[in-house]
Amino acid sequence: MAERSKFSGQLGFVLAAAGSAVGLGNIWRFPYLAAKYGGGIFLLVYLILVVTFGFTVMIAEVAIGRKTGLSPVDAFRKLHKRFAFIGVLGSFSAFIILSYYNVIGGWVLKYLVSFMTGAHTATAQEGFFDAYIGGAFEPIIWQTIFVVATLAVILGGVKKGIERVSKVLMPVLVLLSIAIAIYSCTLPGAMEGVKYYLLPNFQDFSATTVLAAMGQMFYSMSLAMGIMITYGSYLRKEDDLEKAVGQIEIFDTGVAFLAGLMIIPAVFAAGGRETAVNAGPSLMFVTLPGVFEKMGGGGIMSAIVGSAFFLLVLLAALTSAISLMEAVVATICDRFAIKRRTAAIGIAVAVFLLGIPSSLGFGPLSFIKVLGLSILDLFDFITNAVLMPITALLTCLFVGWVIKPKTIVEEVKLSSRFRREKLFCIVVKYIAPIFIVLILISSVLDMLGIAKI
Ligand code: PHE
């Protein structure tokens, strides 16, 4: 077998993994969750979860990848032959997520092009978004372009594709985020929003805040999808795992934090607290274009800020889609001795086809509803609320009780100290499994409409 490709160094790994972690979840989901679940208090809970649970699961995955040098299915198999199915679950989730992620990536592309070509006033019109995603053809065309772009990077390989693209895109993304956040915070009336976002109000605290933050944290850090295992398998033995994971956490949380600072103050400035709190998932595609539209300057401001914003979202979505595709491609290549190129093209075609029903689910197929959800929302629910917590739970139980935390600890210590070792062992064995079971139960009950915590 040819020698496995590797990242050229720790920086390449950190930027690629951060590229995976920073995605639609940070820019689109985090701000609306923060707005909905009490602003500052959500932020605080989220931060605590990232440095405890998020850290634990991420370092376990990266270490499993580096120790075995394999993608998820074979990595679990190598550690214990009866547990390959955990890897199968992870790669399967990545495949499903990728199918609908491409559809949303296509929407972002459409918005970016609208803002860049001056056709953005339309996007701010009442009903534009629903009418657009309800179309049969246009969304699929943009989706195709997004899939092809992702495929192109994967075909470039680990070093020349993923690493090179991440090294350029991630710094651009951070600079854009900072610039837009500063602009947004200086709008008249924005301070109220900044205060709401930053000052914790303990009255808003409830069990739901913790559960929402926890689900978001796993999703945002790209955990339980086999991605960190795959990227970990491209790491060199001399790289410092704990430090790398720390840097990824800072990147991911930093961009989510900035996204809140870009969006919440701007929405407060334009429409006050109610608009921000009630927007929900439509915040990015419906509320924000309306906010941009009010920026004055005869539409110029709106075009500039809107283009910058949607470019940022596109870059973030693209690097995440790349990681999802890589996890699936690597799994297939390791398992079936297929050429990387063939596997990548086959998978791109498959995710594209599977994405079509998700896209049409808002238009011609909108009569299909399962548990009251459209096809895209159903896929999102199955992966985020069911498969992801199950895979995370199994991973923790596997590490905590089957191969034992010391297997991971030894791998980490090959190249550095392990400062959070104690925390890791306790969280992986006891605390994480208990909490994950709670999120799982709550999200399923919530979905079935049986109970709301
Ligand atoms: N972490 C990405 C985000 O925040 C989404 C993602 C989830 C990407 C799982 C890959 C795997 O949007």
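One-based numbering along the sequence shown. Counting convention: from 1, in listed order, for ligands and their atoms alike.
Counting heavy atoms closer than 4.0 Å to ligand 1, residue I227 contributes side-chain atoms (C-beta onward) but none from N, CA, C or O. Under 4.0 angstrom from ligand 1, the non-hydrogen atoms of Y219 come from both its backbone and its side chain.
Inclusion of S323 in the set of residues having an N or O under 3.5 Å from an N or O of ligand 1 is not warranted. For a threshold of 3.5 Å applied to N or O pairs, the pair formed by L324 and ligand 1 contains no separation below that value. Considering backbone and side-chain N/O of S220, one or more are found under 3.5 Å from N/O of ligand 1. Residue M225 places no N or O, backbone or side chain, under 3.5 Å from any N or O of ligand 1. Inclusion of G25 in the set of residues having an N or O under 3.5 Å from an N or O of ligand 1 is warranted.
Aromatic pair Y132/W142: centroids not less than 6.0 angstrom apart. Residues F379 and Y100 keep their aromatic ring centres 6.0 Å or farther apart. Under the 6.0 Å cut-off for aromatic ring centres, F285 and Y111 qualify, their centroids lying closer than that. Checked against a 6.0 Å centroid threshold, the rings of F129 and W107 count as neighbours.
The nearest protein atom to atom 8 (C) of ligand 1, hydrogens excluded, is given as S222 OG, 3.5 Å; this is a heavy-atom distance.
Below 30°, between 30° and 60°, or above 60°: for Y37 and F42 the angle between ring planes is below 30°, a parallel geometry. Aromatic ring pairs are classed by plane angle as parallel below 30°, tilted from 30° to 60° and perpendicular above 60°; the pair Y231 and Y234 is tilted.
Cation-pi geometry between R420 and F55 is satisfied (NZ or CZ under 6.0 Å from the ring centre, within 45° of the ring normal).
For ligand 1 and A21, the ligand atoms under 4.0 Å from any heavy atom of the residue are 1 (N), 2 (C), 3 (C), 4 (O). Remark: ligand 1 atoms within the under-4.0 Å shell around heavy atoms of G23 are 3 (C), 4 (O), 12 (O). Taking every non-hydrogen atom of S20 and a distance limit under 4.0 Å, the qualifying atoms of ligand 1 come out as 1 (N), 2 (C), 8 (C).
Ligand 1 is approached by Y101 to a heavy-atom distance shorter than 4.0 Å.
The pair K243-E249 fails the salt-bridge criterion, with no side-chain N (NZ, NE, NH1 or NH2) lying under 4.0 Å from an Asp/Glu carboxylate O.
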